[in-house]
Amino acid sequence: MQSLNQWKADEYDNKLAFVSGYGKNLISWLQPKKGEYILDLGCGTGDLTHEISLCEVEIVGIDASSDMIRRARDKYPHLEFKAGDGHYFETNRLFDAIFSNAALHWMRDPELVVSSIWNALKPGGRFVAEFGGKGNVDIIVHALEEVIERSTGMDASARNPWYFPTIGEYSSLLEKQGFMVRQAYHYDRPTKLSDGDRGIEGWLSQFGGDYFQGLDTKQIQEICLETSKRVVPQLWKEDAIYADYKRLRVEAVKPVI
Ligand code: BEZ
């Protein structure tokens, strides 16, 4: 259920700082209030957990990758971080709010995740999240799957690790659980990649692990290079490659019964 991607905390911090950079804007939907108890679900290396903590809240970050958690603890030793799977996390103390940026698309059983979130929130508690929505990175994914299928003969789409729902699908899922969906927004967010014209290779090396299981280094390099050649002409704008990100942003509340 959980992706097989191997997270590399170093690369995440050095080359993918845009992930938390863009996520800062999501904090304006969370509106953390002094003294609140908040969970950052899928916290990565903890940058947004730290940003939210500046609002004088009590915060806990959880992430499925122990490498990310180790790095988060090194960077922010005064904050609490735990390794944990978003499908099954539990808490003894209920949260005022649960926040999640760029993580939920890695969790393939959204019903389980939404149910864990529901169980961990106080009545009246809010859930604020942003992640990949329907159509996210379509250009990259289609090219990658085609290149893998041509070079290995396998059905690459069966290895797609991501959950990118429509606004309707995800809102219905939340409502079925009992949430009141206050706001939901599906939008294009072209995302500038670092590394100049090698940006796609870097992106695939950080995020494409599920597709590359069982392939050798040479095969992986060739697949990344060929995918890059196919998509760069479509994604290059003026000064860089802009990946075709589409975000789904939601705010939902657990009603007080
Ligand atoms: C995203 O943030 O949309 C994303 C990141 C890595 C892989 C797929 C999507």
Side-chain angles (χ1 to χ4, degrees), residues 1-27 29 40-49 61 63-65 67-68 86 99-110 113 128-148 156-167 169-170 184-195 198-213 220 223-224 227-228 231 234-235 240-250:
M1 214 170 313
Q2 193 67 40
S3 158
L4 300 169
N5 198 52
Q6 289 296 314
W7 289 95
K8 300 158 196 140
D10 274 345
E11 263 184 57
Y12 190 84
D13 272 353
N14 295 336
K15 297 191 178 163
L16 300 160
F18 68 80
V19 176
S20 52
Y22 280 112
K24 275 189 192 176
N25 180 269
L26 181 62
I27 299 174
W29 278 37
D40 181 5
L41 177 58
C43 62
T45 60
D47 291 343
L48 293 178
T49 324
D63 200 282
S65 158
D67 198 31
M68 295 291 207
F99 174 90
S100 181
N101 178 57
L104 298 179
H105 48 245
W106 290 101
M107 301 175 201
R108 290 307 307 256
D109 196 331
V113 177
V128 170
E130 181 165 301
F131 60 108
K134 183 79 178 168
N136 193 37
V137 289
D138 251 5
I139 292 175
I140 300 172
V141 169
H142 286 154
L144 174 65
E145 292 182 356
E146 228 175 81
V147 170
I148 293 177
S157 64
R159 296 183 165 211
N160 184 321
W162 301 306
Y163 168 65
F164 298 142
T166 65
I167 198 168
E169 281 162 6
Y170 202 66
Y185 184 41
H186 192 176
Y187 68 103
D188 288 335
R189 198 202 67 200
T191 297
K192 186 175 181 174
L193 303 184
S194 57
D195 283 349
R198 310 226 29 207
I200 293 293
E201 291 154 85
W203 191 91
L204 289 172
S205 119
Q206 179 72 12
F207 296 131
D210 293 81
Y211 281 105
F212 303 137
Q213 298 294 317
I220 297 171
I223 288 166
C224 292
T227 306
S228 175
V231 304
Q234 287 176 81
L235 299 178
I241 297 168
Y242 286 79
D244 53 331
Y245 277 43
K246 293 185 174 52
R247 316 313 284 165
L248 190 57
R249 184 179 279 207
V250 296

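Quick caveat: nothing in here was measured; it's all calculated off a predicted structure. Just follow the structure's listing: the first ligand is 1, and inside any ligand the first atom is 1.
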> With Q234, which residues qualify under side chain to side chain donor-acceptor pair (under 3.5 Å), at least two apart?
Replying inline: none
> Polar-atom distance check: N136 versus ligand 1, any N or O pair below 3.5 Å?
Replying inline: yes
> Taking the side chain from S228 and the backbone from E201, do they hold a donor-acceptor pair closer than 3.5 Å?
Replying inline: no
> Going by the atom numbers of ligand 1, which of them fall below 4.0 Å from some non-hydrogen atom of W106?
Replying inline: 6 (C), 7 (C)
> Does atom CZ of R159 have more than 12 heavy-atom neighbours, drawn from other residues, nucleotides or ligands, at distances under 6.0 Å?
Replying inline: yes
>> Test of understanding: given a 4.0 Å heavy-atom threshold, classify the contact between Y22 and ligand 1 as side chain, backbone, both, or neither.
In response: neither
> Which word best sums up how the rings of W162 and F164 line up, parallel for under 30°, tilted for 30 to 60°, or perpendicular for over 60°?
Replying inline: parallel
> Should the proximity of F131 to ligand 1, defined as any heavy atom under 4.0 Å, be assigned to the side chain, the backbone, both, or neither?
Replying inline: neither
> With atoms numbered from 1 as shown, which atoms in ligand 1 lie under 4.0 angstrom from a non-hydrogen atom of W203?
Replying inline: 6 (C), 7 (C), 8 (C)
> Which is closest to atom 4 (C) of ligand 1 by heavy-atom distance: R247, K246, H105, R189?
Replying inline: H105
Let me check something: any side-chain donor-acceptor pairs from residues 129-140 under 3.5 Å, sequence neighbours excluded? List them with distances.
unit_1, atom_1, unit_2, atom_2, d
E130, OE1, Y187, OH, 3.1
E130, OE1, R249, NE, 2.5
E130, OE1, R249, NH2, 3.0
E130, OE2, Y187, OH, 3.0
N136, OD1, K246, N, 2.7

> For ligand 1, which atoms, with element, lie under 4.0 Å from some heavy atom of W162?
Replying inline: 7 (C), 8 (C)
> With distance as the sole test, does S100 use its side chain to make a donor-acceptor pair with the main-chain N or O of A103 at under 3.5 Å?
Replying inline: no
> Is the shortest distance from a heavy atom of Q206 to ligand 1 less than 4.0 Å?
Replying inline: no
